[in-house]
Enquirer: 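Quick one: this structure, given as structure tokens, is what I'll be asking you about.
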Protein chains: 2
Amino acid sequence: MDSADDSSLGPLTEDGQSAGFLDDGKNTIGSQLASRLREAIISGELEAGSKINLDKARKTFNVSLSPLREGLARLISDGLVEFQDNRGYRVAPISLANLEEVTSLREELEVFALRESMRLGDVEWEGNIMRALHRLNRTERDAARPETLEQWEALHREFHLTLISGCGKPLLLHFCSLLLNLNDRYRRVFLIRTSGDRNVGQEHSEIAQGAVARDVDYACEKLRQHIHRTGTNLRNHLATKGIE
Amino acid sequence: MDSADDSSLGPLTEDGQSAGFLDDGKNTIGSQLASRLREAIISGELEAGSKINLDKARKTFNVSLSPLREGLARLISDGLVEFQDNRGYRVAPISLANLEEVTSLREELEVFALRESMRLGDVEWEGNIMRALHRLNRTERDAARPETLEQWEALHREFHLTLISGCGKPLLLHFCSLLLNLNDRYRRVFLIRTSGDRNVGQEHSEIAQGAVARDVDYACEKLRQHIHRTGTNLRNHLATKGIE
DNA sequence: GCTTGACAGATAATCGATTATTTTTGTATT
DNA sequence: AATACAAAAATAATCGATTATCTGTCAAGC
């Protein structure tokens with residue numbers, strides 16, 4: 001059938017969300033579900049485009065409809081789930097067109113946000129960048145061990161968000177965070193190894209150093225190229241798998 | 001108390017949503033609520049920053065919690081409602097900083113979308129612009145008659161969305177639509193008359209004509225100025241009312 | 001007088017059951 | 001065989017009641 005393969009999705013545990021943000025520990029079931037589902041979608045555990053059967057999901061996660069809908073509603077804001085009245089939810093599909101839009105918008109918005117951050121960011125912002133860079137570059141990605149991939153993805157996301165965190169524009173940050181989610185899904189679904197002619201670690205370093213040195217043109221151009229190369233790389237992998 | 005003043009909000013009627021988009025008529029209560037609440041927030045009927053008491057709202061609209069939460073969840077995606085676990089919903093607050101961000105992002109995103117539309121848009125896109133422009137310029141705004149204001153707002157929104165509708169980037173359109181919502185709320189809450197030195201009708205005409213003539217630099221600059229002036233205008237009104 | 005903690009009322013979250021809608025299946029008709 | 005329709009099954013939406021959490025109040029202790 002068309003249903004998402006959720007066979008490996010266990011019931012909810014009490015861990016809440018994982019990544020670096022402070023967790024007030026008072027999460028509702030709906031919140032936990034949102035985190036759990038977000039990770040399941042971004043990691044590819046739930047297949048892109050597949051229908052989400054509420055009844056099955058309810059049983060899988062051992063929850064009632066209310067928090068399930070609650071959680072799914074949040075993923076709609078994230079662009080990871082689509083919804084139609086009386087027809088339910090489905091995992092947002094992937095496509096070449098979507099990937100290209102995500103890449104194009106990242107080039108536009110992330111670069112704009114970086115420019116603004118360089119204009120407004122303070123010393124703490126600079127420090128946060130250097131820390132995020134260091135942690136990222138110290139983490140090895142080993143395709144054989146999935147937990148290192150997850151770890152790397154989290155730190156990579158953190159790095160990109162930190163870069164632009166000084167821009168003072170909450171809405172813009174929200175948009176960028178959303179685009180990053182969508183982008184990361186492509187990378188994780190296609191389990192990309194960076195192509196031979198790239199040294200991603202160095203690319204990150206150049207961006208970061210340009211940023212803290214306030215060399216606006218340099219840093220922005222490096223970031224734009226970084227995003228663009230990732231897009232090209234992913235596009236090739238998509239083409240290989242025959243996705244249009 | 002802190003609760004939104006919903007005294008004038010009646011129970012749900014079966015009208016569905018109003019503006020020019022095709023309505024499949026099969027809307028759920030949650031959908032209708034979302035439209036109803038969106039309009040209530042943008043029009044200022046629900047005060048910015050006020051708490052939304054679920055129980056009162058439930059009684060006001062004569063619905064159960066489930067569709068109420070459903071509707072509110074959608075407004076979160078729209079940036080019109082904020083939510084915190086176990087602490088409920090509140091109408092998104094307004095502030096000078098938020099207005100400035102909205103203006104700034106509109107300048108960035110709408111102009112980008114217009115540029116892309118001019119690159120990709122076809123003759124139908126051009127036609128849609130001219131129609132939207134004509135309908136907008138034919139509609140008078142009379143502060144004495146609220147229905148003309150609503151009408152004008154709907155057509156104005158339609159015009160701006162049509163301008164950028166040729167860009168071929170659904171996500172970008174979504175962002176712009178969201179920003180337009182936020183922007184329109186400021187205008188409607190502050191019931192702006194355009195300042196004397198502006199002829200908004202002419203501004204719209206210039207943008208539209210530049211767009212269909214494919215004079216990229218001209219049209220984009222006119223649009224940017226148009227957005228910027230609106231921002232400045234609104235900022236002054238905000239300052240007058242003592243909002244920071 | 002000020003803080004702390006227990007209680008009560010208010011509010012939000014969740015559940016299980018019911019209702020509405022869609023989708024599938026089977027059958028009769030052309 | 002293809003189409004159209006009707007009944008049945010599957011699925012989504014909603015409801016009313018229950019449970020969990022939060023917030024304000026008041027009294028006891030310092």
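Residue numbers begin at 1 in each chain, while the letters A, B, ... track the order of the sequences.
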Enquirer: In terms of the nearest nucleotide of DNA chain D, which residue is placed more toward the 5' end: A:Asp55 or A:Ser66?
Expert: A:Asp55

Enquirer: Salt-bridged, A:Glu100 to A:Arg235, with N to O below 4.0 Å?
Expert: yes

Enquirer: Rounded to the nearest angstrom, tell me the gap between atom CD1 in A:Ile29 and atom P in C:dG16.
Expert: 10 Å

Enquirer: Ignoring backbone atoms, test whether A:Lys51 places a side-chain nitrogen or oxygen under 4.0 Å from the OP1 or OP2 oxygen of D:dA12.
Expert: yes

Enquirer: Parallel, tilted or perpendicular, judged at 30° and 60°: which one describes the rings of A:Tyr186 and A:Phe190?
Expert: parallel

Enquirer: Is the closest basic N to carboxylate O distance between A:Arg106 and A:Asp184 below 4.0 Å?
Expert: no

Enquirer: Going by side-chain contact (heavy atoms from CB on, under 4.5 Å), B:Tyr89 matches just one of B:Leu37, B:Asn53, B:Leu54. Which one?
Expert: B:Leu54

Enquirer: Can you tell me the distance, in whole Å, between the NZ atom of B:Lys59 and the P atom of C:dA10?
Expert: 11 Å

Enquirer: Check whether any side-chain N or O of A:Lys56 sits under 4.0 Å from OP1 or OP2 of D:dA12, and answer yes or no.
Expert: no

Enquirer: Just jot down the side chain to side chain contact (heavy atoms under 4.5 Å, CB included) partners of B:Ala73, sequence neighbours excluded, or say none.
Expert: A:Ala73

Enquirer: Does C:dA12 have OP1 or OP2 sitting under 4.0 Å from an N or O in the side chain of B:Arg58?
Expert: no

Enquirer: Check whether any side-chain nitrogen or oxygen of B:Asn86 sits under 4.0 Å from OP1 or OP2 of D:dC22, and answer yes or no.
Expert: yes

Enquirer: Please give, in whole Å, the distance from C:dA12 C1' to B:Leu65 CG?
Expert: 8 Å

Enquirer: Rounding to a whole Å, what distance do you find between A:Arg90:CZ and C:dT23:P?
Expert: 10 Å

Enquirer: Expressed in angstrom and rounded to an integer, what is the separation of B:Gln32 atom CD from C:dA20 atom C1'?
Expert: 13 Å

Enquirer: Among D:dC22, C:dC15, D:dC15, which nucleotide has an atom closest to any side-chain atom of B:Arg87?
Expert: D:dC22

Enquirer: Rounded to the nearest Å, what distance is computed from the CG atom of residue A:Asp85 to the C1' atom of nucleotide D:dA12?
Expert: 10 Å

Enquirer: What integer distance in Å separates A:Asn27:CG from D:dA20:P?
Expert: 17 Å

Enquirer: In whole Å, what is the span from the CG atom of A:Asn53 to the C1' atom of C:dT22?
Expert: 13 Å

